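We name chains A, B, ... by the order of the sequence lines, and we start the count at 1 in each one. What you are looking at is a predicted structure, and each value in this text was computed from that prediction instead of being measured.
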There are 4 protein chains.
Amino acid sequence: MPKDTFFNLPDEKRQRIIDLALAEFSENDYDSASISRIVAQAGIAKGSFYQYFENKEDLYTYLLTLGAEAKAQFLGDNPPDPQMGTFAYIRWLSAAGIKFELARPQLSQIGYRAVRSGALPVEMQEQARVGATVFFRQLVEQGQVMGDISPEIDPDLAAFLFSAIFSELGSYLLNRLQDRGVLEDGRSLFETPEAERLFDQVLHILERGMGTA
Amino acid sequence: MPKDTFFNLPDEKRQRIIDLALAEFSENDYDSASISRIVAQAGIAKGSFYQYFENKEDLYTYLLTLGAEAKAQFLGDNPPDPQMGTFAYIRWLSAAGIKFELARPQLSQIGYRAVRSGALPVEMQEQARVGATVFFRQLVEQGQVMGDISPEIDPDLAAFLFSAIFSELGSYLLNRLQDRGVLEDGRSLFETPEAERLFDQVLHILERGMGTA
Amino acid sequence: MPKDTFFNLPDEKRQRIIDLALAEFSENDYDSASISRIVAQAGIAKGSFYQYFENKEDLYTYLLTLGAEAKAQFLGDNPPDPQMGTFAYIRWLSAAGIKFELARPQLSQIGYRAVRSGALPVEMQEQARVGATVFFRQLVEQGQVMGDISPEIDPDLAAFLFSAIFSELGSYLLNRLQDRGVLEDGRSLFETPEAERLFDQVLHILERGMGTA
Amino acid sequence: MPKDTFFNLPDEKRQRIIDLALAEFSENDYDSASISRIVAQAGIAKGSFYQYFENKEDLYTYLLTLGAEAKAQFLGDNPPDPQMGTFAYIRWLSAAGIKFELARPQLSQIGYRAVRSGALPVEMQEQARVGATVFFRQLVEQGQVMGDISPEIDPDLAAFLFSAIFSELGSYLLNRLQDRGVLEDGRSLFETPEAERLFDQVLHILERGMGTA
DNA sequence: GATGAATGAGGATTCATTCAT
DNA sequence: TATGAATGAATCCTCATTCAT
């Protein structure tokens, strides 16, 4: 964790450092990310960095926790109607995930990079993997109880499918709609009928594939 | 391309260099991968490396082509019955892809890394992205003609789903079965009934989700 | 330009680095000059060099500007009587040039090397070539107006002659007088009657050759 | 000196190596000149080079002697009328020197570079310097005996003037005439009236300046 | 608490030279 | 005699980290 000196910094300065670090680590490997570039752009002294953080890894893991917190808060800030059905809830959940990706692309990018590269500390890696899976699995099991999902479906496998699809769906939709000129940037992704249609289609496929009907 | 010098090397030595380079580039970013480490582990002089390769990028693109060739040959070596239906063919295709991933994890890893990082030459990048998408989309369109896939499905979106799922499915199955002690390594992944069952289930979900019935 | 770091250095250390760099670049081509040798002799870390300068070229162009400044200041410090005739002025000018060469041989050497090798940035190169020629040519044209130089003389050609002769004359006199034991070093070159006699002779030859009489 | 193996080479191959070496050493410092580039362009093996020459310096000094021999032969091939006066002879001599420079620019360039950089073996350096000076001085002394040159002129100094002027005059004329579009390449330098006029003017200046009249 | 100079290991690459075939 | 692979020191430059002020 960063040292107290970091948290005692004026908000504006602290945020500037965070933003630049996010940019650097979202565009580069852990090894390739450069502390020198960050401090140069932030306009702070090299030595000051080490007043704020233990070392490079300290900053990196801090950014990861920031990402986790931001996503948790993002989801918690827009809670859905608890009465809706399983697939409606999954629809809300994945839409929220994609919205988060679009709203905070750097935070998401660092997270993805961390998971893929296997570079993050073993504990966090396990935590991330298990965390996502466990959550989705509980959701699936609940859906089976409620009759929304066929009891023959392996809950863990279904959780994997949701996770795999929704982790890539955002950038797929974004690329596709931009390639065809429908969108200029991603902020308004879910405001186009085209995007809604594609998004619905994915969920219908999964619903038909896993459902009980 | 590597120089003649490299191809004139004794097989054992050439292979050792390739193996170490694969390990290095599969575990590291292009920038972070170190020629120095490779030559140190290979027990060759730093200068010798430059007798074999033009530069770092030469080695890197060589590894990428090795991967492409190996995968093409792998798929070509086990051609399926051309008469089978669309989902049977997709089943064969994804199983073959996963088998390749398990057989040559480093080659696969370098390829994934290249696609994700956007670091590879523009031509190859476009080729890879378009190649995969186009291939799957044609497959889907053909399936719609043959009545295996509902005409209401957006072919491009379906291609995305296949691609997203099967690019992650291999490592999911591997991790899952290893965690539960079913497997020691991945070589025999498809020889367990458990794996077959899970694999079938994914395809059944997709078939029901996209099918015409 | 060097970074602030360099100018904040203690005078003694900064001067030591400059002196060693002057020695290196005056004895070697740009390519052959070695940053490694400079830092080794200066007793500073390799990385420290890059705290002071952007890169090798930064140091090189800095040395060139040092030379230009030093020469400009040297000439400006000993301004001649503006009423003297053309050849008296040229005599003063070439004597001053030679004195500078003897006082700062390394600075001169780097300048000569830069002009000859065509290695310096195009702008500076053109500036140097044109600058010297233009200056001398104006001088010749003025001499023609004042009746000191025959109007039949091509001004540009005369400028070339002055430039060619005076750029080599200094080292010729130095070598000659040292070979004959008249001098030990060049500092006192113009204090010997022998040197004065030779120097006058060159100017008399040119004056008779170009004059109107 | 090169080894016998070099002189036993087929003429065509030996000449190709010489030409490429001339190009390399005329464009680069001794240090910066690259044996690797020479052998690559010559299409010979690295090892073969060391069958022909002891080392880099061996090749370099060989090129210098080639230059000296070529110039001596060039001058000897077009001997002037021995009855002409001193300045006519100097005129012939400098014209011949410039023609040689234009005919064999690389050989000349290497020679100049060697003299300027002080890089060549002490013996050759001394030999070159003394050689040129001694020759010109004898010429001047002879001119004084014949009454062409004032006896008050210091012969050594006059020799220096000739040497300094004529060593630069060729490239000055070339640049000047090319800048003004009079010439395309230097081969025909002395065939333009403009060049003849400038050349004559230099000699007239020296003749008036040093003469007895 | 802030600074920024100093450090030396490490990065990729080029070089002249040697030597076994 | 010809070859060309092997070598390791040298090149410029970047890096994360330390420490005295």
| Outermost DNA chain E nucleotides near chain C [under 4.0 Å, heavy atoms] | dA5(E) to dG8(E)

| request: Considering non-hydrogen atoms only, spot the tightest contact between N28(D) and A33(D) and give its length. | output: CB-N, 3.6 Å

| request: State, yes or no, whether a side-chain contact exists between E57(C) and Y62(C) at a heavy-atom distance under 4.5 Å. | output: no

| said: Is any side-chain heavy atom of R113(C) closer than 4.5 Å to one of S26(C)? | reply: no

| Looking at DNA chain E, which of residues 5-14 of chain A put a heavy atom within less than 4.0 Å of it? | T5(A), L9(A)

| message | What contact category does F53(A) fall into here, base, sugar-phosphate, or nothing, at under 4.0 angstrom with non-hydrogen atoms? | response | nothing

| Starting at the 5' end of DNA chain E and moving along, which residue's nearest nucleotide shows up first, I44(A) or G43(C)? | I44(A)

Could you list, one pair per line, each protein nitrogen or oxygen that sits under 3.5 Å from a nitrogen or oxygen of nucleotides 12-16 of chain F, together with the distance?
{"residue": "dC12(F)", "atom": "OP1", "partner": "A33(C)", "partner atom": "O", "Å": "3.3"}
{"residue": "dC12(F)", "atom": "OP1", "partner": "I35(C)", "partner atom": "N", "Å": "2.8"}
{"residue": "dC12(F)", "atom": "OP2", "partner": "I35(C)", "partner atom": "N", "Å": "3.4"}
{"residue": "dC12(F)", "atom": "OP2", "partner": "S36(C)", "partner atom": "N", "Å": "3.3"}
{"residue": "dC12(F)", "atom": "OP2", "partner": "S36(C)", "partner atom": "OG", "Å": "3.3"}
{"residue": "dC13(F)", "atom": "OP2", "partner": "Y50(C)", "partner atom": "OH", "Å": "2.8"}
{"residue": "dC13(F)", "atom": "OP2", "partner": "K56(C)", "partner atom": "N", "Å": "2.8"}
{"residue": "dC13(F)", "atom": "O5'", "partner": "Y50(C)", "partner atom": "OH", "Å": "3.4"}
{"residue": "dA16(F)", "atom": "OP1", "partner": "A33(A)", "partner atom": "O", "Å": "3.0"}
{"residue": "dA16(F)", "atom": "OP1", "partner": "I35(A)", "partner atom": "N", "Å": "3.1"}
{"residue": "dA16(F)", "atom": "OP1", "partner": "K56(A)", "partner atom": "NZ", "Å": "3.4"}
{"residue": "dA16(F)", "atom": "OP2", "partner": "I35(A)", "partner atom": "N", "Å": "3.2"}
{"residue": "dA16(F)", "atom": "OP2", "partner": "S36(A)", "partner atom": "N", "Å": "3.2"}
{"residue": "dA16(F)", "atom": "OP2", "partner": "S36(A)", "partner atom": "OG", "Å": "3.4"}

| Looking at side-chain heavy atoms only, is the closest gap between D29(B) and D31(A) below 4.5 Å? | no

| said: Checking L22(B) against I110(B) for the side-chain contact (heavy atoms from CB on, under 4.5 Å) test, could you report, in this order, the C-alpha distance in whole Å, the side-chain angles of both residues, the deciding distance, and whether it holds? | reply: CA-CA 8 Å; L22(B) 282 176; I110(B) 293 179; 3.6 Å; yes

| task | Sort out for me which residue in D58(A), T61(A), I18(A) forms a side-chain contact (heavy atoms from CB on, under 4.5 Å) with P2(A). | result | D58(A)

| query | Between K56(A) and Y30(A), which heavy-atom pair has the shortest distance, and what is it? | reply | NZ-O, 2.8 Å

| Under the ring pair (Phe, Tyr, Trp, His ring centres under 6.0 Å) test, residues paired with F49(D) that sit two or more places apart | F53(D)

| request: Start with the C-alpha distance between K46(A) and S36(A), add both sets of side-chain angles, then the distance that settles side-chain contact (heavy atoms from CB on, under 4.5 Å), and finish with yes or no. | output: CA-CA 7 Å; K46(A) 207 72 159 292; S36(A) 296; 3.3 Å; yes

| message | As a test of your reading of the structure, name each stem of DNA chain F as range with range, where a stem is three or more consecutive Watson-Crick or G-U pairs at under 3.5 Å. | response | E:2-21 with F:2-21

Side-chain polar contacts of residues 9-16 of chain A - donor-acceptor pairs under 3.5 angstrom, sequence neighbours left out - could you list them?
{"residue": "D11(A)", "atom": "OD1", "partner": "R14(A)", "partner atom": "NH1", "Å": "3.4"}
{"residue": "D11(A)", "atom": "OD1", "partner": "R14(A)", "partner atom": "NH2", "Å": "3.2"}
{"residue": "R14(A)", "atom": "NH1", "partner": "F7(A)", "partner atom": "O", "Å": "3.4"}
{"residue": "R14(A)", "atom": "NH1", "partner": "L9(A)", "partner atom": "O", "Å": "3.1"}
{"residue": "Q15(A)", "atom": "NE2", "partner": "D19(A)", "partner atom": "OD1", "Å": "3.2"}
{"residue": "R16(A)", "atom": "NH1", "partner": "A42(A)", "partner atom": "O", "Å": "2.4"}

| Mind checking whether L59(B) and Y52(B) have side chains closer than 4.5 Å, heavy atoms only? | no

| How about K3(A) and E54(A): do any of their side-chain heavy atoms sit closer than 4.5 Å? | yes

| Residue pair F6(A), Q51(A): steps toward the side-chain contact (heavy atoms from CB on, under 4.5 Å) verdict | CA-CA 8 Å; F6(A) 181 65; Q51(A) 301 269 17; over 6 Å; no

